[in-house]
Amino acid sequence: MSQNYYQKEIETMSAEEMKKLQSEKLVKQVKHVYENVPYYKNLMDEKGVKPEDICGIEDLHKLPFLTKADLRDAYPYGLLAKPLEDCVRIHSTSGTTGRRVVAFYTQHDVDLWEDCCARAITAVGGTKKDVCQVAYGYGLFTGGFGLNGGSHKVGCLTLPMSSGNTERQVQFMMDMQATILCCTPSYAAYIGESLKEQGYKPEDIPLKAGIFGAEPWTEEMRQGIEKTLGIKAYDIYGLTETTGPGVAFECSEQTGMHVNEDHFYAEIIDPDTGEVLPEGSKGELVFTSLDKEAFPLLRYRTRDICVLSREKCSCGRTLVKMAKPMGRTDDMLIIRGVNVFPSQIETVLLKEGYEPNYQIIVDRVNNNDTFEVNVEMTPEKFTDKVADIIAMEKALANSMKIMLGINPTVHLVPPKAIARSEGKAVRVIDKRNLI
Ligand code: DLL
């Protein structure tokens, strides 16, 4: 594939020039955050760091980290660095107020985010001649709007399908001759199955490329999707805290994702000590937004385990590459692309009058995540009437859906049926083998 760049000057910039650009942006950004975010100013003051101490990227390590706990403490406006009236958008993850991430964007932030997504689309060969089907969820989730914006910037004919309604996805794909599909890898595999069931062969499908992310997926899954859809399948990474999709994207080489490091500076740290690790080490990925205005997180700990590499890439991009995330340092699960914390299930159970004796069982069947929750009935709630049990299971599943944004299958089991552990309770059985 001939190489296409959306912003060639940046994407192929020399290491020295990139460092200079990052340094200039960082100095400005630290000042902006220190002056406008009292929460982060306090963290810097506690650490004895002043904006004047940050003269370039080499000083980044002096700054304090931000974690999800900080986001929780500062919820909802405590990390906002611009007046609300200058913000034009929010996006959010699902969850309780404690777990929910709410990110704010000025128009400048939306623009730079969409540029990142446009780079990703261009890197897979997207041009204004393409028809780009966006089947990530639209709404508070960042996937739909992010890639929608990128697709517009590239000039593709954009199909804002959102996720779900697979029959309609297939129909639009065929009728509009979609050439690029953007969705989670599990949904891509599901769409592929549906096309196959309807008798379409890979050569009948107009798609040429897919941009799949928001959840872990394996090389085997990539090969499966590529075969069923007759396309090249590319990875894309991002998180709500930093903007959304497009923080990093794959190129024709398909060996990891280039980080848009003119906007997001990546570090790998030892998750236990916080020490910055040298290139090639496995550790926790940390991002600093270098030029976001409204929600500019500095040294944000993603909890994703990853490796960075500056090896030369055949696509000509010089942007540092991150490997596929290799797991997490916390207990967050990603089920059907939605972030789920076991503590959210616990919150629902307690609210509904159950004890927190439960087990989450996640599997992947036909490339689709299954999500079951076994819950013990309390002695007070115990019944052996099937109709009552079914009604209770439905009510509980509904409350969980409201909390999480996805629907589990709930099984009520008799009191004491879930094995007690002598150590840490085994709350999650994940059979998906994603790494
Ligand atoms: O998942 C943003 C996104 C949308 C990325 C569409 C790509 C495509 P959150 O819901 O905040 O944001 O979840 C962020 O998802 O910390 C990772 O653990 C995981 N994740 C995202 N992309 C990938 C990927 C969006 N390509 C969290 N591979 C991150 C593995 C991923 N994990």
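In listed order, ligands and their atoms are each counted from 1. The chain is numbered in sequence order, starting from 1.
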Tell me whether [X] has any N or O atom under 3.5 angstrom from an N or O of ligand 1.
{"X": "Thr302", "answer": "no"}
{"X": "Ile236", "answer": "yes"}
{"X": "Asp235", "answer": "yes"}
{"X": "Thr240", "answer": "yes"}
{"X": "Trp217", "answer": "no"}

So, do Tyr34 and Tyr40 have ring centers that fall under 6.0 Å from each other? no
Is the contact between [X] and ligand 1 made by the side chain, the backbone, both, or neither, using heavy atoms and a 4.0 Å cut-off?
{"X": "Phe212", "answer": "neither"}
{"X": "Pro325", "answer": "side chain"}
{"X": "Arg328", "answer": "side chain"}
{"X": "Thr184", "answer": "neither"}

If you measure from [atom] to every heavy atom of [options], which option wins on shortest distance?
{"atom": "atom 21 (C) of ligand 1", "options": "Gly213, Gly238, Gly327", "value": "Gly238"}
{"atom": "atom 22 (N) of ligand 1", "options": "Ala214, Cys117, Ser92", "value": "Ala214"}
{"atom": "atom 17 (C) of ligand 1", "options": "Val247, Leu239, Asp304, Asp330", "value": "Asp304"}

By number and element, which atoms of ligand 1 are closer than 4.0 Å to a non-hydrogen atom of [X]?
{"X": "Gly143", "value": "4 (C), 6 (C)"}
{"X": "Thr142", "value": "2 (C)"}
{"X": "Tyr136", "value": "6 (C), 8 (C)"}
{"X": "Thr93", "value": "11 (O)"}
{"X": "Ile334", "value": "15 (O), 18 (O), 19 (C)"}

Is [X] salt-bridged to [Y], going by a charged N under 4.0 Å from an acidic O?
{"X": "Asp111", "Y": "Lys153", "result": "yes"}
{"X": "Arg119", "Y": "Asp115", "result": "no"}
{"X": "Lys208", "Y": "Asp130", "result": "yes"}
{"X": "Lys20", "Y": "Glu24", "result": "yes"}

With a 6.0 Å cut-off (strictly less than), is the heavy-atom count around CZ of Phe172, excluding the residue itself, greater than 12? no
For atom 31 (C) of ligand 1, the protein heavy atom that lies nearest, with its residue and separation: Glu215 N, 3.7 Å
Identity and distance of the protein heavy atom lying nearest atom 10 (O) of ligand 1: Asn339 ND2, 3.3 Å
Take the angle between the ring planes of Phe249 and His258 and call it parallel below 30°, perpendicular above 60°, tilted in between. tilted
With under 30° as parallel and over 60° as perpendicular, where do the rings of His91 and Trp113 fit, or are they tilted in between? perpendicular
Check: Tyr358/Glu346 side-chain N/O donor and acceptor closer than 3.5 Å: yes
Modelled atom types, side-chain donor and acceptor of Tyr187 and Thr166, under 3.5 Å: yes
Answer yes or no for Arg336 and Phe371: cation-pi contact, defined as NZ/CZ to six-membered ring centre under 6.0 Å and angle to ring axis within 45°. no
Is there a donor-acceptor contact under 3.5 Å from the side chain of Tyr136 to the main chain of Cys183? yes
